[in-house]
Amino acid sequence: MQSFKTIGVVGVGAMGKGIVQIAAQAGLTVLIHDQQMSALHAARDDLENTWQKLVGKGKLTDVAAEAALSRVHIAQTLSELADCDLVIEAIIERLDAKQALFKELEAVVGPSCALVSNTSSLSITAIASACAHPERVAGYHFFNPVPLMKVVEVIDGLRSDPAVGDALMTLTQTLGHTAVRAKDMPGFIVNHAGRGLGTEGLRVVQEGVTGFEVVDTIMREQCGFRMGPFELMDLTGVDVSHPVMESIYQQFYEEPKYRPSPITAQRVAGGLFGRKAGAGFYDYIDGKKKEAALPAVPTLDRLPSVWISPAHEEGHGMAVQVFKSLGVTIQTGSKPDEDSLIVVTPFGEDVSTVVAYQRLDASRTVGIDTFGGVSPARRRTLMVSPATTPQWRDAAHAILALDQVGVSVIQDSPGFVAQRVLATIVNIACDIAQQQIASPSDIDRAVTLGLNYPAGPLSLGDTLGAKRVLEILNNMHSVTGDPRYRASLWLHRRVQLGLSLLQPSATA
Ligand SMILES: NC(=O)c1ccc[n+]([C@@H]2O[C@H](COP(=O)([O-])OP(=O)(O)OC[C@H]3O[C@@H](n4cnc5c(N)ncnc54)[C@H](O)[C@@H]3O)[C@@H](O)[C@H]2O)c1
């Protein structure tokens, strides 16, 4: 197999510099080139500073830092890259610029030199189409900041020689990163799989279910995510996230699963780009997010008994567990008393739908989310219909907060917040697997390392119960009529056959 010893990096901005850093630290000779001479010298100085800082922190020896710096050479002209066996391109994200560079490079390097692009959003096949030897071209997609983000997508274009990708997979190990292999499809793996969290969070807010702060809190405190979608968009930059949402949606010919939202378009138009602008979804003071005050928990004059609908067996069992632990009397008749709080535990349905088909008293019916289990360590979500009276809403809120567990109160929503967002994430990952863009295990690896989710989306689906995820999607689809929620065939078939979502398809 081809192995890479001398590599060229063209474009030494944020990404190129990070790639040079890990390559030189791994012992490779790196030639750097940029159209701006000043950028080249700045990059070398920055790298020297970075390595000195690592020495200061005891993470690198003096000798290793010096050796790394000695491996970085400035190439003033492209022709100085002639002896490279790999050139990594990290220039401006424009197809014409990348095609022109690759064409020029082909005239400079030897026949066995691989030419790879760090593009996030352009087609590798389209970049390669400008080359006389498109088989030597592949995608090599790092994430920002390169030394800390340990995953790299290796992308095969339509005409790429698989041996180039194989060699990149091996090189990635040398660099101390994890490689995942993807087909040349919009968003590759990570930027495709990442469409679930943001777009569904936006739909929840757009539907008036609740505000963005509550969505973020639920995703963190109920689902274990490090950040909710709005905190994440503020960090990435709403001006970066919104065009990615639009681009993936357009590239998949308006697939409803990736539908963007006017909410982010408006923030971009208003210059509310997020953390870097001091304001996005949140305001930032000295770079610190300004926290909104939490709504007060209502007080309770008397503790009503609770009747829990037995219609969803598993949800019923979990709700009983919650209310028992709170010391509430649970009324067990087949119908609720005149004076009990009525609790339903829907999966993918809203309270209104459940009230209608179970013929319940809407004024005192609330929903609680039992998806993924109930434990005092997890925030609770309480959902009301347009007919639930404020008195019964407040009573339910006060009861659920009796043991000081956080409670989020939301308006009616098919699938609360957590069910909707998690099911959407799992469904999109299933579609990526179904389209054979990557293997199931690479999808999970890429998402865990590239997006920092608490688990890979396919394992998450298995843990939550693939059958339950399918039920949620089917119900969301039926309540809303929105094709966005149609379940992936990958999910359908694995539920029908009782298989794990990580089970690859047998080769036909
Ligand atoms: N920034 C990210 O978060 C990120 C993450 C993954 C991938 N990428 C991709 O990496 C690439 C670079 O992004 P970046 O954020 O490092 O950009 P950047 O603007 O920080 O750096 C680009 C560098 O390329 C140089 N350059 C531009 N056109 C050139 C040309 N024709 N020839 C030689 N040098 C040229 C510029 O002078 C600049 O130094 C893009 O394709 C981008 O989509 C970026």
Side-chain angles (χ1 to χ4, degrees), residues 8-23 30-47 72 74-81 84 87-109 115-124 126-128 130 137-155 157 172 177 179-180 182 184 186-194 232-233 235-244 247-248 251 273-276 446 449-452:
V9 174
V10 183
V12 282
M15 296 304 291
K17 218 165 18 190
I19 298 168
V20 177
Q21 185 190 328
I22 60 168
V30 192
L31 278 71
I32 59 175
H33 179 74
D34 198 288
Q35 70 180 11
Q36 287 183 56
M37 204 55 203
S38 57
L40 278 173
H41 290 287
R44 208 163 178 281
D45 291 348
D46 285 355
L47 285 166
V72 179
I74 288 179
Q76 299 200 2
T77 62
L78 216 50
S79 54
E80 289 169 51
L81 303 183
C84 290
V87 178
I88 304 173
E89 165 278 308
I91 67 165
I92 190 170
E93 187 74 338
R94 258 186 29 214
L95 181 61
D96 59 344
K98 291 193 195 279
Q99 285 179 328
L101 173 67
F102 274 57
K103 242 174 152 166
E104 255 188 276
L105 279 169
E106 264 200 318
V108 166
V109 298
L115 302 176
V116 305
S117 173
N118 186 48
T119 181
S120 305
S121 62
L122 300 171
S123 154
I124 300 303
I127 296 171
V137 178
Y140 201 31
H141 185 216
F142 288 83
F143 293 82
N144 193 15
V146 176
L148 299 182
M149 296 296 290
K150 295 285 187 188
V151 68
V152 191
E153 293 174 328
V154 171
I155 303 126
T172 313
H177 277 39
V180 289
D184 185 21
F188 312 130
I189 309 174
V190 173
N191 283 340
H192 187 167
L232 185 63
M233 282 188 273
L235 181 70
T236 313
V238 188
D239 57 326
V240 174
S241 303
H242 179 72
V244 173
S247 154
I248 302 270
Q251 289 185 78
F273 297 157
R275 214 169 253 274
K276 63 188 172 192
L449 294 170
L451 296 171
N452 259 323

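Whatever order the structure lists them in is the order used to number ligands and atoms, beginning at 1. All of these numbers come straight from a predicted model, not from anything done at the bench.
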Nearest-0.5 Å distance that lies between atom NE2 in H33 and atom CD1 in I91: 9.5 Å
Pair E93, S121: side-chain N/O donor-acceptor within cut-off below 3.5 Å: yes
S120 near ligand 1 by a heavy-atom separation under 4.0 Å: yes
Nearest candidate to atom 5 (C) of ligand 1, where distance is taken over non-hydrogen atoms, out of M15, K17, R94, K98: M15
K17 side-chain N/O to L47 backbone N/O, donor-acceptor pair under 3.5 Å: no
Any N/O pair E89/ligand 1 closer than 3.5 Å: no
Any donor-acceptor N/O pair, H177 side chain to M149 backbone, under 3.5 Å: yes
Non-hydrogen atom of F142 closer than 4.0 Å to ligand 1: yes
Close-contact set for ligand 1 against Q36 heavy atoms, below 4.0 Å: 37 (O)
Heavy atom of protein inside 4.0 Å of atom 17 (O) of ligand 1, strictly below: no
Enumerated ligand 1 atoms positioned under 4.0 Å from heavy atoms of N144: 1 (N), 2 (C), 3 (O)
Spacing of D45 atom CG and L40 atom CG [to the nearest 0.5 Å]: 11.0 Å
Distance-only N or O hit between ligand 1 and E93, under 3.5 Å: yes
Nearest neighbour in protein (non-hydrogen) for atom 34 (N) of ligand 1: Q35 N, 3.1 Å
Atom 21 (O) of ligand 1 - nearest protein heavy atom and its distance: G13 CA, 3.2 Å
N118, any N or O under 3.5 Å of ligand 1 N or O: yes
Heavy-atom protein contact below 4.0 Å for atom 24 (O) of ligand 1: yes
Close N or O approach (I91, ligand 1; < 3.5 Å): yes
Sub-4.5 Å side-chain heavy-atom contact between L122 and S117: no
Identified side chain to side chain contact (heavy atoms under 4.5 Å, CB included) counterpart of I32 within the set I19, I74, V10: I74
Check: H141 side chain, E153 main-chain N or O, donor-acceptor pair, under 3.5 Å: no
Under 3.5 Å: N/O of L101 near N/O of ligand 1: no
Ligand 1 versus H141: contacting region, heavy-atom distance under 4.0 Å: side chain
D184 side chain to S123 backbone, donor-acceptor under 3.5 Å: no
Gap separating the CD1 atom of I88 from the OH atom of Y140, nearest 0.5 angstrom: 6.0 Å
Protein contact of atom 37 (O) of ligand 1 - nearest heavy atom, named by residue and atom, plus distance: D34 OD1, 2.6 Å
Contact (N/O only, under 3.5 Å) between V10 and ligand 1: no
Rounded distance (nearest 0.5 Å) linking atom CD of E80 with atom CG of L31: 7.5 Å
Shortest protein contact, atom 20 (O) of ligand 1 (heavy atom only): A14 N, 3.0 Å
Which residue and heavy atom of the protein sit nearest atom 22 (C) of ligand 1, plus the separation: A90 O, 3.8 Å
Nearest heavy-atom neighbours spanning G8 and C84: N-SG, 3.5 Å
